[in-house]
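Heads up: numbering here begins at 1 and tracks the sequence. Just so it is clear, the structure is predicted and the values come from calculations on it, not from any experiment. Whatever order the structure lists ligands and atoms in, that order sets their numbers, starting from 1.
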Amino acid sequence: MPFTHLGLSDPLLRGVLASGYTTPTEIQCEAIPAALTGQDIIGCAQTGTGKTAAFVLPILSRIFRDEPVPGQKRAIRSLILTPTRELAVQIERCIVNYGRYVGVRSLAIYGGVEIRKQLETLRRGVDIVVATPGRLMDHMRRGSIDFKAVEVLVLDEADRMFDMGFIDDVYRIIRTLPEQRQTLLFSATMPPEVRQLAAGVQKNPQTIQIGRQHNPIETITQHVHAVLRQQKIDLLLHMLQNRPMQSVLVFSRTKHGADKIHRKLEQAGIVSVALHSGRSQAQRQHALDGFKKGKYQVMVATDIAARGIDVRGISHVVNFDVPLYARDYIHRIGRTGRAFHEGDAITLVAPDEQEYLRKIEQFIGQRFRPEEYEGFTSAHLTESLSRSEEQTRSQRLAARARKAARRPRLTRRRSRLAAAR
Ligand code: AMP
């Protein structure tokens with residue numbers, strides 16, 4: 001279906017074309033016509049499917065259906081809530097891009113930067129606010145934001161709002177919005193708490209499910225390499241030095257780990273940058289922009305910082321650490337293989353991480369076959385696998401020994417108790 005059949009106005013179609021899009025993605029084909037009717041929507045789509053345009057375009061269409069009254073201050077007609085600062089910036093940029101021919105005024109509200117500029121822009125008047133919950137609450141407490149005119153609310157990456165502990169703020173914010181509104185909820189996964197949120201804040205939503213839930217998108221090839229923890233950095237360097245890996249996003253579980261990997265890469269002459277919440281907002285934005293422009297071959301990031309970021313053409317995602325939560329695996333690897341492009345997701349598994357890998361397998365309903373990395377000696381693989389088996393065996397034996405050691409003590413205690421009675 002071409003974009004022209006989705007019911008969008010001419011200036012919006014021109015904005016879409018100018019953004020380089022020729023064909024709508026599946027979620028856009030489904031969600032745009034439905035959202036244009038004004039109904040509530042639950043969009044259950046994996047990352048990288050083009051969901052931002054799926055909600056931004058109908059919002060723009062709604063706002064610019066009516067000509068703005070000259071001289072009248074603009075009121076916030078749409079609020080988009082999103083879990084991270086980077087996502088807020090990214091979505092706001094999409095609004096500017098798609099809405100370039102309709103003269104939209106938008107603002108991204110997020111923490112870590114001075115509030116003054118945000119206050120000024122709010123005073124001048126904006127049509128759309130994209131916000132992270134924490135900083136938006138600050139504005140609400142100051143009385144610097146007015147939601148009376150909000151017609152459309154978007155909850156983006158709803159599952160992540162729960163994971164990041166924002167949900168109470170989200171509920172508080174929603175309670176201050178007009179009852180009469182359209183609510184669009186997007187989430188990569190649909191755990192019970194997200195369904196409950198939808199049930200509480202939406203009216204007869206239409207559910208749009210793109211792809212099978214939990215199933216990594218088809219354009220991503222997944223590889224798993226078993227390796228000893230202390231050899232992970234060598235394997236990563238080996239990959240980067242021996243394979244064409246153009247734009248690589250490496251995930252580390254911790255900030256400290258991310259900095260360490262970044263340092264090792266730099267020492268080896270690989271141009272890289274680190275992105276995590278321990279860095280200032282300016283540093284984070286600088287890292288992200290540099291990575292987007294191709295200034296850095298590698299960006300090493302933690303889950304929170306990299307959440308939802310949209311960098312075109314990430315060729316490889318490397319899970320340096322196996323994510324502890326299966327859901328994070330989907331989110332991480334979804335940074336590659338975006339919108340019609342292909343990508344590789346590589347996971348390095350140390351013996352003590354096998355149980356997390358199993359959880360991921362259960363979650364996505366797929367079994368991995370850890371492979372040897374070509375040119376990186378097989379001894380590592382065999383050693384690490386047999387180590388892991390050995391470890392599980394010794395863990396079992398240790399557990400049994402602990403149980404046995406507890407038994408006589410319990411018996412002794414019981415006889416003491418009997419004697420006391
Ligand atoms: P999203 O899932 O919204 O983060 O989008 C993922 C990527 O797909 C972004 O780089 C978008 O710019 C891009 N994209 C969205 N819609 C289209 C489209 N119809 N054609 C080509 N690229 C698109």
Side-chain angles (χ1 to χ4, degrees), residues 1-8 12-33 35 41-61 78 80-100 106 108 128 130 154-160 184-189 208-211 213 215-220 246-247 249 288-289 291-294 299 301 305-315 317 330-343 345:
M1 188 195 288
F3 268 111
T4 43
H5 288 196
L6 297 181
L8 297 166
L12 284 181
L13 286 174
R14 281 198 284 140
V16 165
L17 272 181
S19 305
Y21 306 167
T22 46
T23 322
T25 64
E26 210 182 334
I27 183 99
Q28 290 161 5
C29 288
E30 298 268 335
I32 294 174
I41 288 176
I42 297 177
C44 185
Q46 285 161 23
T47 46
T49 50
K51 66 184 163 65
T52 314
F55 60 78
V56 167
L57 290 170
I59 292 173
L60 289 172
S61 168
S78 179
I80 300 169
L81 289 179
T82 187
T84 69
R85 299 164 183 184
E86 281 76 11
L87 260 176
V89 171
Q90 201 169 282
I91 294 172
E92 204 265 334
R93 281 187 191 160
C94 286
I95 297 172
V96 173
N97 268 334
Y98 308 147
R100 69 182 84 180
S106 52
I128 306 177
V130 190
V154 178
L155 299 170
D156 187 34
E157 311 248 349
D159 49 356
R160 199 61 179 187
L184 311 174
L185 180 149
F186 288 84
S187 197
T189 59
I208 296 172
Q209 165 100 47
I210 301 298
Q213 218 193 323
N215 212 11
I217 36 186
E218 283 142 22
T219 48
I220 305 171
Q246 213 186 345
S247 179
L249 179 56
L288 194 53
D289 289 341
F291 185 54
K292 275 188 183 176
K293 288 191 189 122
M299 182 162 79
R307 171 72 193 169
I309 58 159
D310 173 35
V311 178
R312 272 187 212 204
I314 291 183
S315 58
V317 165
I330 304 281
H331 292 304
R332 284 183 181 190
I333 74 167
R335 303 300 104 218
T336 184
R338 293 168 84 75
F340 311 125
H341 292 282
E342 308 249 308

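- Between Tyr98 and ligand 1, a contact under 3.5 Å exists for no N or O pair.
- Of all atoms in ligand 1, listed by their number and element, those nearer than 4.0 Å to a heavy atom of Thr52 are 1 (P), 3 (O), 4 (O).
- Taking CD1 of Ile210 as the reference point, atom CD of Glu30 lies at 5.0 Å (rounded to 0.5 Å).
- Remark: side-chain polar atoms of Arg100 are paired, donor with acceptor, to backbone N or O of Asn97 under 3.5 angstrom.
- If you check each of Ala45, Gly50, Gly20 against atom 5 (O) of ligand 1, the one with the closest non-hydrogen atom is Gly50.
- Of all atoms in ligand 1, listed by their number and element, those nearer than 4.0 Å to a heavy atom of Lys51 are 1 (P), 2 (O), 3 (O).
- At a heavy-atom distance under 4.0 Å, no atom of Val16 approaches ligand 1.
- Contacts with ligand 1 closer than 4.0 Å are made by side-chain heavy atoms of Phe3 only, the backbone lying farther away.
- In terms of polar-atom proximity, Tyr21 is counted as a contact of ligand 1, with an N or O under 3.5 Å from an N or O of the ligand.
- Residue Thr23 has at least one heavy-atom neighbour below 4.0 Å for each of these atoms of ligand 1: 18 (C), 19 (N), 20 (N).
- Atoms of ligand 1 found under 4.0 Å from any heavy atom of Pro24 (numbered from 1 in listed order, with element): 19 (N).
- Between the side chain of Ser61 and the backbone N or O of Leu8 there is no donor-acceptor pair closer than 3.5 Å.
- Closest approach of Lys292 and Val311 over heavy atoms only: CG-CG2, 3.7 Å.
- Using a 4.0 Å cut-off between heavy atoms, Gln28 contacts ligand 1 through its side chain alone, with no backbone atom that close.
- Set against the non-hydrogen atoms of Thr49, the atoms of ligand 1 under 4.0 Å away are 2 (O).
- Pairing each heavy atom of Met1 with each of Leu6, the nearest pair is SD-CD2, 3.2 Å.
- Contact detail for Ala345 and Ile333: the closest heavy-atom pair is CB-CG2, 3.5 Å.
- Between Ile95 and Ile80 there is a side-chain heavy-atom pair separated by less than 4.5 Å.
- A donor and an acceptor atom, one from each side chain of Glu92 and Ser106, are located under 3.5 Å apart.
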